[in-house]
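In what follows, a structure is listed as C-alpha cells, so that the remarks can point back to it.
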Amino acid sequence: MRKSLLLFLLLLVVLPCRAQEGYTHLNLAGGWMYKDALTANLALEFSKRHYNSYEIFGDAYKSNVDDSKNWLVGVAYKPMLTRSRNTFLKLRLGAGIGSNTEHFIGALQAGLELGYVLPGNLVLMLQQKNEGVLRVNHNFRAGLLAGIKIPL
C-alpha cells in the first residue's frame, strides 16, 4: 500500500512536467533610441528546443529631432547565449519591413536581450537593440528598451 501511494504521488508530480516543450509570451517593451527618439515594441514569442525562440514583432519609432515616424513588422530569431537559475541572455537577430510617412522601408536588427523570470513564468526584460534601416534619415539606430513578457 505504501509503495502504491508513493508511486501515485510521484506520477502526480511527474506527469504535468514537460521539459523544453515550449511556451508563448506576449512581449511589451518601450525605450529610448540614440539621437533622441522613442520606440515601442509588441511581439508574440514562441520558444523552441534548448530555450531558443522566435518572435513576430511590430515596432513603432518616433524621432524627436526631425519628427519622423515609422512602423515595422517582422520576425526575429533569438538563440540562447547563457542562462542560470532565473536569468538568461539571448542574442536577437531579426528583419522587418514597414513604412514611414513617405514610403516603404526595410530594417535589419541585432542586439541582446537580458531576462529575469518571475514566478508564474512572467519575465522582466532589458533589450539592447541595433537597427539598420533603409530609406530613412537616420540609417543606424541603437537603443535600450525595457519591458515585460506575459505568458499566454
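Sequence positions, counted from 1, serve as the residue numbers for this chain.
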Within-4.5 Å side-chain heavy-atom neighbours: K149 and E45: yes
Residue pair D59 / Q109, side-chain donor-acceptor N/O under 3.5 Å: yes
Ring centroid separation Y54 to Y77 under 6.0 Å: yes
More than 12 heavy atoms from other groups under 6.0 Å of NZ on K62: yes
Within one Ile-Leu-Val-Met-Phe-Trp-Tyr cluster: L152 and I56, side-chain cutoff 4.5 Å: yes
V123 side chain reached by F88 side chain, heavy atoms, under 4.5 Å: yes
Point-to-point distance, once rounded to the nearest 0.5 Å, from CG of N70 to CD1 of I105: 3.5 Å
Evaluation steps, side chain to side chain contact (heavy atoms under 4.5 Å, CB included), between Y23 and S47: CA-CA 6 Å; Y23 54 86; S47 74; 3.3 Å; yes
Minimal non-hydrogen separation, S63 against A37, with atom names: CA-CB, 3.8 Å
Within-4.5 Å side-chain heavy-atom neighbours: E131 and F140: no
Over-ring placement of R141 relative to Y34, 6.0 Å and 45° cut-offs: no
Straight-line distance of L144 CG to L126 CG, nearest 0.5 Å: 4.5 Å
Test item: H103 side-chain N/O and R135 main-chain N/O as donor-acceptor pair under 3.5 Å: yes
Closest approach of L122 to I150 (non-hydrogen atoms, all atoms of both residues): CD1-CA, 3.9 Å
Test side chain to side chain contact (heavy atoms under 4.5 Å, CB included) applied to L118 and L124, step by step: CA-CA 8 Å; L118 298 171; L124 298 177; 3.8 Å; yes
Min side-chain heavy-atom separation L93-L91 under 4.5 Å: yes
Closest contact, heavy atoms only, A95 versus F57: O-CZ, 3.8 Å
Distance (rounded to the nearest 0.5 Å) between L28 CG and L26 CG: 5.0 Å
N-O pairing of R92 and E55 below 4.0 Å: yes
Quiz item: cation-pi between R83 and Y51, 6.0 Å / 45°: yes
Side chain proximity check, T87 to T82, heavy atoms < 4.5 angstrom: no
Of K90, K129, K78, the residue whose pairing with E113 passes salt bridge (charged side-chain N to carboxylate O under 4.0 Å, His left out): K78
4.5 Å side-chain heavy-atom contact, L89 and L81: yes
Least distance between heavy atoms, L145 atom then A29 atom: CD2-CB, 4.1 Å
